[in-house]
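A short write-up of the structure that comes next.
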Amino acid sequence: MELTRRDFLTTTAAALASAGIVEAQDAGTGLPMRTLGKTGVKVSVVAFGSGSRFLAYKEEDKALEALTKALDAGVTYIDTAFAYGQGQSETWVGKLMPARRDSVFLATKVSVRPGDEAMRSIEGSLRRLNTDRVDLLHIHDLKTADDLAAIEAKGNVLDVIRKMRDEKVARFIGITSHTDPAVLKT
């Protein structure tokens with residue numbers, strides 16, 4: 001007997017639900033869903049990371065085809081950043097946003113630390129993403145305690161993303177780190 005994609009997703013979702021990992025299934029696709037952190041928002045357990053693997057397509061039409069297939073399969077979380085191809089990822093994701101924006105949880109990141117540069121970076125991200133808002137705006141790539149101090153300095157990037165949240169440009173804010181998990185405890 002051949003196992004269909006739908007059967008696989010349904011069986012996997014049931015197993016994950018019984019383990020407490022999945023809270024629901026998308027009614028249309030069967031893709032497992034769960035609440036993202038403390039946001040209260042349900043997203044697919046599979047996200048579309050639009051970094052190096054997405055950019056490996058090289059051709060825009062192939063990249064957009066891959067993203068479209070993921071969204072059609074029930075993926076609702078898209079993760080991008082200016083740092084992914086110096087804006088290329090955001091530009092490609094932005095091509096689909098006029099038709100898809102309300103059906104996805106869109107996350108992007110800002111890498112620069114000075115506040116004025118961070119604001120320009122965010123404005124550029126919004127233009128490339130073809131939207132006036134994101135669901136999650138991360139400060140990208142926290143490295144050290146000194147980096148954290150720069151992020152938290154008055155008028156720097158943390159103040160800027162808080163302002164973006166207050167102005168409803170970003171629903172939620174966060175921070176990413178791939179180097180020193182201890183600095184996140186600070």
Side-chain angles (χ1 to χ4, degrees), residues 5-6 9-10 12-13 16-17 19-55 57 60 63-85 87-111 118 121-142 157-158 160-178 184:
R5 181 184 65 81
R6 182 174 294 282
L9 290 173
T10 301
T12 302
L16 293 171
I21 296 171
V22 171
E23 299 164 8
Q25 277 183 265
D26 178 273
T29 65
L31 198 62
M33 308 288 284
R34 72 171 161 212
T35 303
L36 179 65
K38 297 178 183 178
T39 67
V41 177
K42 284 202 184 338
V43 296
S44 55
V45 297
V46 176
F48 190 89
S50 56
S52 59
R53 301 295 288 175
F54 184 53
L55 295 171
Y57 283 104
E60 180 179 294
L64 295 179
E65 180 182 345
L67 179 54
T68 297
K69 283 183 178 183
L71 297 175
D72 288 347
V75 172
T76 60
Y77 187 112
I78 301 174
D79 175 79
T80 189
F82 172 78
Y84 302 165
Q88 185 64 62
S89 172
E90 289 178 331
T91 299
W92 284 351
V93 169
K95 300 274 183 172
L96 298 184
M97 287 305 98
R100 301 281 193 145
R101 180 64 192 95
D102 291 335
S103 64
V104 299
F105 187 92
L106 182 60
T108 196
K109 304 171 194 77
V110 58
S111 297
S121 177
I122 294 165
E123 289 167 349
S125 290
L126 293 170
R127 275 192 305 277
R128 284 184 295 280
L129 289 167
N130 211 2
T131 189
D132 60 352
R133 72 198 189 295
V134 293
D135 296 294
L136 177 56
L137 180 59
H138 283 292
I139 297 170
H140 195 42
D141 199 19
L142 171 66
V157 65
L158 183 58
V160 170
I161 70 165
R162 283 180 173 153
K163 178 181 177 193
M164 295 294 94
R165 181 192 57 205
D166 294 347
E167 292 178 358
K168 309 282 190 245
V169 173
R171 287 173 62 195
F172 307 101
I173 61 175
I175 193 161
T176 70
S177 179
H178 304 288
L184 286 171

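Keep in mind that this is a model prediction, so the values were computed, not measured.
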* What do the steps show when you test Arg101 against Asn130 for side chain to side chain contact (heavy atoms under 4.5 Å, CB included), and what is the final call? -> CA-CA 9 Å; Arg101 180 64 192 95; Asn130 211 2; over 6 Å; no

* Is there a donor-acceptor pair closer than 3.5 Å between any side-chain N or O of Thr91 and the backbone N or O of Gly87? ->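 Looks like yes, one N/O pair under 3.5 Å.
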
* Asked: Hey, does Thr108 have a side-chain heavy atom less than 4.5 Å from the side chain of Phe82?
  ->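 No; the side chains remain at least 4.5 Å from each other.
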
* **Side chains of Tyr57 and Glu65 in contact at under 4.5 Å (non-hydrogen atoms)** =>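 No, side chains not in contact.
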
Which residues share a salt bridge (Lys or Arg N to Asp or Glu O under 4.0 Å) with [X], sequence neighbours left out:
X: Arg53; answer: none
X: Asp102; answer: Arg133
X: Glu60; answer: Lys95

Table please: side-chain donor-acceptor pairs of residues 165-176 below 3.5 Å, with sequence neighbours left out.
unit_1, atom_1, unit_2, atom_2, d
Arg171, NH1, Asp135, OD1, 2.9
Thr176, OG1, His140, ND1, 3.0
Thr176, OG1, Asp141, N, 2.8

* Sequence neighbours left out, what passes side-chain contact (heavy atoms from CB on, under 4.5 Å) with Ala118? Give chain and number order. =>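 side-chain contact (heavy atoms from CB on, under 4.5 Å) check on Ala118 returns Val110, Val112, Val157, Val160.
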
* Apply side-chain contact (heavy atoms from CB on, under 4.5 Å) to Val75 and list each qualifying residue two or more places apart in sequence or on a separate chain. =>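 Residues passing side-chain contact (heavy atoms from CB on, under 4.5 Å) with Val75: Leu31, Ser44, Val46, Phe48, Ala70.
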
Give me the atom names and distance for the closest heavy-atom approach of [X] to [Y].
X: Arg128; Y: Ser121; answer: NH2-O, 4.0 Å
X: Ala81; Y: Ser89; answer: O-CB, 4.3 Å
X: Leu55; Y: Gly85; answer: CD1-N, 3.4 Å
X: Trp92; Y: Leu64; answer: O-CD2, 3.1 Å

* Is Glu123 salt-bridged to Arg127, cutoff N-O under 4.0 Å? ->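 Salt bridge between Glu123 and Arg127, a charged N being under 4.0 Å from a carboxylate O: no.
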
* Go through the steps for Tyr77 and Val41 under the test side chain to side chain contact (heavy atoms under 4.5 Å, CB included), then give the verdict. => CA-CA 11 Å; Tyr77 187 112; Val41 177; over 6 Å; no

